[in-house]
Amino acid sequence: MARRSHGTVVHTDDIAARHWLWSGLQALPPRQRDVLVLRYYEARTETEAADILGCSVPAIKRRTNHGLRRLSSHLGPDAVLIMQRVAR
């Protein structure tokens, strides 16, 4: 099932997945959540995320890795794949 939103078709499954992911992101520590939002929802590069958050690129890589692992343990192994598909 789909509905129109701003001239495009948005699948209700994607909307549900976004809400599900957002609830999982809220359970993460702020630093991990911030990195995942910048990297996946805002499609920022590691360098851009590092500049925005005032840290190094290696720190961004660590926080991304830890955040994705924590998200997967909280929501299940498919969480990362679903996030890559629907976050943008």
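Bear in mind the structure is a predicted one, so any value in this text is a computation, not a measurement.
Here the closest non-hydrogen pair linking Ala49 and Arg39 is CB-CD, 4.3 Å. Across Val57 and Ala50, no two heavy atoms sit closer than the pair N-CB, 3.9 Å. Between Ser72 and Val80, the closest heavy-atom pair is OG-CG2, 3.2 Å. The nearest pair of heavy atoms linking Gly24 to His74 is CA-CD2, 3.8 Å. Contact between Glu48 and Ala43 at its shortest, heavy atoms only, is OE1-O, 4.4 Å.
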Item to check | CA sep, side-chain torsions, deciding dist, call: Val35, Tyr40, side chain to side chain contact (heavy atoms under 4.5 Å, CB included) | outcome: CA-CA 8 Å; Val35 168; Tyr40 289 95; over 6 Å; no
Next on the checklist: Please determine whether side chain to side chain contact (heavy atoms under 4.5 Å, CB included) holds for the pair Trp20 and Ile82, giving the CA-CA distance in whole Å, both sets of side-chain angles, and the decisive distance to 0.1 Å.
Outcome noted: CA-CA 10 Å; Trp20 174 72; Ile82 293 169; 3.7 Å; yes
Next on the checklist: Leu25 vs Tyr41, test: side chain to side chain contact (heavy atoms under 4.5 Å, CB included). Steps then yes/no.
Outcome noted: CA-CA 11 Å; Leu25 286 168; Tyr41 281 82; 3.5 Å; yes
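From Gln84, atom CD reaches atom CG of Leu21 across 10.5 Å, with rounding to the nearest 0.5 Å. Once rounded to the nearest 0.5 Å, the distance linking CZ of Arg44 with CG of Leu53 reads 10.0 Å.
Residues Leu38 and Leu36 fall into different hydrophobic clusters, defined by Ile, Leu, Val, Met, Phe, Trp and Tyr side chains chained together at heavy-atom separations under 4.5 Å.
Annotation: side chain to side chain donor-acceptor pair (under 3.5 Å) contacts involving residues 50-66, sequence neighbours excluded, comprise His66-Arg69.
Inter-residue side-chain proximity for His19 and Ile15 is flagged as met; some heavy-atom pair is nearer than 4.5 Å. Two residues are said to be in side-chain contact when any heavy atoms from C-beta on lie closer than 4.5 Å; Val37 and Trp22 meet this criterion.
A donor-acceptor pair under 3.5 Å is absent between the side-chain atoms of Gln26 and the main chain of Ser23, judged by distance alone.
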